[in-house]
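The structure appears right after this line, and notes come after that.
In what follows, every heavy atom counts, from backbone to side chain, and hydrogens, waters and symmetry copies are set aside. Below, read A as the first sequence line, B as the second, and so on, with proteins coming before strands; counting in each chain starts at 1.
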Amino acid sequence: MRPQTTLIASQHQTKPVNKISMDYNFSDIEQKWKSHWQQTQLYKVHNDTSKPKYYILDMFPYPSGEGLHVGHPLGYIATDIFARYKRLNGFNVLHPMGFDSFGLPAENYAIQTGQHPAITITKSSEVYRQQLNNIGLSFDWSREVSTSDPKYYRWTQWIVLQFFDSWYNATTDKAEPISTLIAHFEQYGSHQLNAICTEHEPFNANDWCNFTETQQQALLINYRLFYPGEGEVWYCEALGCVLANDEVKDGVSERGGHPVERRKLPQWFLRMAAYAQRLLDDLNDLDWSESMKDFQRNWIGKSEGALVHFPIQNHHEPLSVFTTRPDTIFGVTFMVVAPEHDLVAQITTEEQKSEIDTYIKYVKSRSERDRISEVKTVTGAFTGAYAINPFTNLPIPIYISEYVLAGYGTGAIMAVPSSDDRDFRFAKHFDIPIVYVIADTENLDNPTEKKRGTTINSGFLNGLDTDAAISQAVAEIEKRNLGKGKINYRMRDSNFSRQRYWGEPIPILHKYRDQTLPLFAVPENELPVTLPDVTSYVPRADGQSPLANVEEWLKTPNGWRETDTLPGAAGSSWYFLRYMDPHNEQAFCSPEAIQYWENVDFYAGGSEHAGGHLLYSRVWHKFLYDRGLVTTKEPFKKLFNQGMIQGRSNFVYRAQAPFYEEYFNDFLQKNFAKYQPVYVNKGVDFCLELCDLDIEVASSNSDRKLSNLQNTYEQSDRRILVVFIEQLIEWINTPEKLVAFVQNAIDSQNKFIFADNLPAMRSLFISQSKLSAFSERASTTLHVNVNLVQNDVLNIDGFRAWREEYKDAAFWLDDNSTYRCGWAIEKMSKSKHNVVNPDEIIAKYGCDCFRMFEMFLGPLEVSKPWNTDNIEGTSRFLRKFWRLFNIDESTPKLSTDQPSAAELKVLHRTIKAVVEDVERYSLNTCVSHFMKCVNDLTDLKCQNQHILTQLTILMAPFAPYITEELWHLLGNEGSVHTAKYPVLDEAHLVESVVSYPVQIGGKVRATIELPANCSQDEARTAALSNPRVLQYTEGKEPKKFVFVPNRIINIVV
RNA sequence: GCUCUGGUGGUGGAAUGGUAGACACGCAGGACUUAAAAUCCUGUGGACCUUAAAGUCCGUGCGGGUUCGAGUCCCGCCCGGAGUACCA
């Protein structure tokens, strides 16, 4: 389909119309410049260190098979505008794009279809690239990276091996090569070492030297930053594989609805927790939104407290807990251990065993989120074992409950029902005693409402306030050797392996098959370890990845390959560095490139990445910093979170059986009230009390009903009219025909009346504005393709053509003969038929219009619905802008005179507003400023070359094509995108007179004009003598006189 | 559950604590046209009041508070959206 505007334009060109300006023909213009820019490589970025750098980046997209919808480009257009703006202001701007191409969707598609994910992903990347190019984005595609490309993932694997080869030295507070750790072990054993590691038995230098290789390696993995261990994952017996959280819905697998359970399997981990404190500290210097920083702070979840060991009766090992409130230790009346805690099996008594087992089974089916968010019902089980409160020496029962997570703290808590809400509910439920340890909580219905105060019933802590009691308690705990003060982080080491095919193979070799230790890194010169082809992408029933089936790949001269792959986060945690030097085969990025580009200045993406990608990337960057591979501590200086674009769905309403009776009832009341129609619905639907006619509304295919009626009425003194639904539908928009039909029946003498020549049965759709008169049962609501709707008015022909079943659809229309649809704001999705494809919009309105409209929708950071209707305004604006140039036969007829003061004022007011708003990322208001400017210049009949040239450059970042075309029509060389950005001259904005609103008691009662540099006294005299003001002050002295220069006057009487 | 975020006309939205509704859409009326498209003009938060000009009151989810002045700041609610560690 050719765009409408083009048709009109070509008509004008073929007609010999005299002196009509050339119309704005976006499709020719955009085609022309798109290929021209490609040929001249306008957007190619060089590592040109003579210019200041600016690195602007969009979050890595995953190329989904469905292509882009209008929500995706929002951020890309915004960053493109900033990139172009920065370029015009003299920066060397890096603005690259690539694809995060490993991941589950392609893999699941491969499982279903057998197609290699590399093929699907290449196809969808190609679609993405084309669509992005359609939007006029100034990416340097020569720098494109793709995580599933072996040339790229070679370096992902390389960095992972650096993690493997590192440990965290808590003294120097950074990651160091594992060789320095081994040197330490050889000299001191594990003594005098301050490292972040998994706890293990201490050993000395002599021990170390006598350990076997496997023993040494087992110790080292307690320190490595990338290490093997055991982790809980979702496992589905029926599907025979590990599932992602996303693939588990309501406790069953999303595919097939099979039961799932948490299962411990060998996994690889990234020792993220080592970086917790630095991740927290360095947030302060970042230009991120406070909410995003808050999110990460909460995620890291630092808490200060104490580690306390409670002895267990009849058991050698103590129960260790972490608590933030050691001051309440006298109030501990029970302990709760995570159901999966190792101790549970050891301490559970014979009598309690079956209860505990049943409970553990229940918990295995629960997600972590379910476990912590469930507060209404308390669940748990008693182990039968008792711990001893070391301060009161009283035995306290040990329970297990799902609200305690194995992965947090020590996986066990000391429960203080008088100060913790969940403990309180638990104690109530299991009838456990409550000891009050804070003054004035004894008489509260819920003592946990008061969490701080004077300590009571607590021996040596009595009388202390909470803070003093905490430090006193910690001191005493340490003195009695019961534990120690400790800082705990909620953030834990990240599970960094997947038992799946479509990811980077973990470049590790095992000496023996199916035995983790000993293990070795794949030598650097053998990277990348590429993915072998497999016959099936389905994970193995034993939970291993499909790679474990590829015998010839598994076995190498030096050992057996690791079969786990890396998660998506691996490739996306460092990609922004690769863009700096994307083709380097000697290093992941050259030191020179890193020296110049440093890190990302402006990073745009959705806030949903806060806990994942943004945290992983920070850890990787900090690690690379520690190892001297990058020069900055943080990867992303400024973070901008754009909102989502929601879909705006449209609905049509299909009539259901009850509709016809309801409709006819209403019809009778309106048109035949004089016969007193009554809805009887007994045998027949209606009877007209003041005449001898009954009426039945029926479908023509209910033959038996008809013959029954006929029989009944042959013996009756009343007559019957059968109104067929088909007839009702046929006459729905011409009720006068139905009136005539019914009137005829009333007037006739026939016993049994029905229409014979019936139209075919069609489905009926009711316009939204008619709907309110009917019950909910009268219609069903159906999503309709939004592309068939404009301003909520349905394109009826389009609708009929949309689906076979709607071919003959009938419509009950509004009085103005339109069908009005209902609407709702929902997520944009295929099933809701509210997906709008940018390509279609661009074909109809042009890329420039699409870009400006996306920006015009609303503030970038806010979620908002897409509504194509409003695009007309933006389209009109661009045509009006074009007309300003007075183009006759492809030459603008403009004046080269000195612009007028009024014109200059409009221009500079716009420059000021646009620059201010671009700098604060408010792009929707920029579009408004351009509209206002074009409106004002049109009103001024401005045809000044200087003004319009400046405006063209100003608008170039927003509308790159039309401005480029006009730039050349104006006779300029080069590209508008390499021009010099307009500079604000305040001199043009100086006003001699300011108009002040005068408020009296906070309400505006008058407006007065005052000289620009007016003093408070002058303003006071002028305001108080104003007749309007006098009406309110009645000449009295005001209580207060507020004068805000250039703003407002407020008088208090 | 927890954390974050938002709530302003019929619609999208604008507004450093300073005239709420800029800029658009839609709608209504008008001009131009054989007609349509395109374009242009006028009106458009609600309720009063007036022949008119003008004016009055109410209005930014709800209830309080701070201030000469609150959409904006503070406290307490209500409703929607997002994230919640293996979707990316």
In Watson-Crick or G-U wobble terms, both distances under 3.5 Å, what is the partner of [N]?
N       : result
rU72(B) : none
rA37(B) : none
rG80(B) : rU5(B)
rA24(B) : rU11(B)
rG55(B) : rC48(B)

Once you apply a heavy-atom cut-off of 4.0 Å, does [X] come out as touching a base, just sugar-phosphate, or nothing?
X          : result
His613(A)  : nothing
Val1052(A) : sugar-phosphate
Lys864(A)  : sugar-phosphate
Phe1041(A) : nothing
Trp234(A)  : nothing
Met59(A)   : nothing
Gln267(A)  : base
Arg297(A)  : nothing
Arg876(A)  : sugar-phosphate
Asn1050(A) : base
Pro859(A)  : sugar-phosphate
Gly612(A)  : nothing
Ser497(A)  : base

Rounded [atom1] spacing from [N] to [M] in Å:
N       : M       : atom1 : result
rC40(B) : rC74(B) : P     : 44 Å
rU67(B) : rG12(B) : P     : 36 Å
rG69(B) : rG76(B) : C1'   : 24 Å
rG45(B) : rU60(B) : C1'   : 11 Å
rC41(B) : rG46(B) : C1'   : 27 Å
rA24(B) : rG1(B)  : P     : 44 Å
rA28(B) : rC79(B) : P     : 38 Å
rU72(B) : rA15(B) : C1'   : 9 Å

Side chain of [X] - closest among [options]:
X          : options                   : answer
Asp246(A)  : rG1(B), rC87(B), rA88(B)  : rC87(B)
Asp294(A)  : rU19(B), rA88(B), rC4(B)  : rC4(B)
Asn495(A)  : rC86(B), rA88(B), rC23(B) : rC86(B)
Arg1047(A) : rU16(B), rC23(B), rA88(B) : rU16(B)
Asn924(A)  : rG13(B), rC86(B), rG1(B)  : rG13(B)
Leu104(A)  : rA88(B), rC86(B), rG12(B) : rA88(B)
Ala244(A)  : rA88(B), rC68(B), rC86(B) : rC86(B)
Arg498(A)  : rC86(B), rG83(B), rG18(B) : rC86(B)
Ser494(A)  : rC86(B), rG12(B), rG69(B) : rC86(B)
Trp299(A)  : rU84(B), rC68(B), rG13(B) : rU84(B)

Could [X] and [Y] be counted as a cation-pi pair, given that NZ or CZ must be under 6.0 Å from the ring centre and within 45° of the axis?
X         : Y         : result
Arg618(A) : Trp288(A) : yes
Arg422(A) : Tyr403(A) : no
Arg262(A) : Trp234(A) : yes

Ignoring backbone atoms, establish whether [X] has a side-chain N or O less than 4.0 Å from OP1 or OP2 of [N].
X          : N       : value
Arg920(A)  : rA15(B) : yes
Arg883(A)  : rC40(B) : yes
Arg879(A)  : rU39(B) : yes
Asn935(A)  : rA24(B) : yes
Lys1003(A) : rC58(B) : yes
Arg490(A)  : rC2(B)  : no
Arg422(A)  : rG1(B)  : no
Arg1028(A) : rA54(B) : no
Tyr616(A)  : rC86(B) : yes

>> If you assign Ser863(A) and Val927(A) each to the RNA chain B nucleotide with the nearest heavy atom, which residue ends up on the more 5' nucleotide?
In response: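 Its nearest nucleotide lies further toward 5', so the answer is Ser863(A).
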> Toward the 5' end of RNA chain B, which comes first, Pro865(A) or Arg1005(A), by nearest nucleotide?
Replying inline: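 Closer to the 5' end of RNA chain B: Pro865(A).
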[X] side chain to [Y] side chain, donor-acceptor N/O pair below 3.5 angstrom:
X         : Y          : value
Gln267(A) : Gln499(A)  : yes
Asn935(A) : Lys880(A)  : yes
Ser995(A) : Thr1007(A) : no

> Whole-Å distance between rA24(B) P and Asn867(A) CG?
Replying inline: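 In whole Å, rA24(B) P and Asn867(A) CG are 17 Å from each other.
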> In whole angstrom, what separates Gln999(A)'s CD from rC68(B)'s P?
Replying inline: 13 Å
>> Trp574(A) vs Thr156(A), test: side-chain hydrogen bond (donor to acceptor under 3.5 Å, both in side chains). Steps then yes/no.
In response: CA-CA 8 Å; Trp574(A) 73 281; Thr156(A) 307; 3.0 Å; yes
> Since syn is defined as within 90° of 0, does rG63(B) count as syn or as anti?
Replying inline: anti
> Is a donor-acceptor contact shorter than 3.5 angstrom present between the side chain of Asn245(A) and the base of rC86(B)?
Replying inline: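 No such pair is found, so the answer is no.
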> If every non-hydrogen atom of Val404(A) is compared with every non-hydrogen atom of Gly411(A), which pair is closest and at what distance?
Replying inline: CG1-O, 3.5 Å
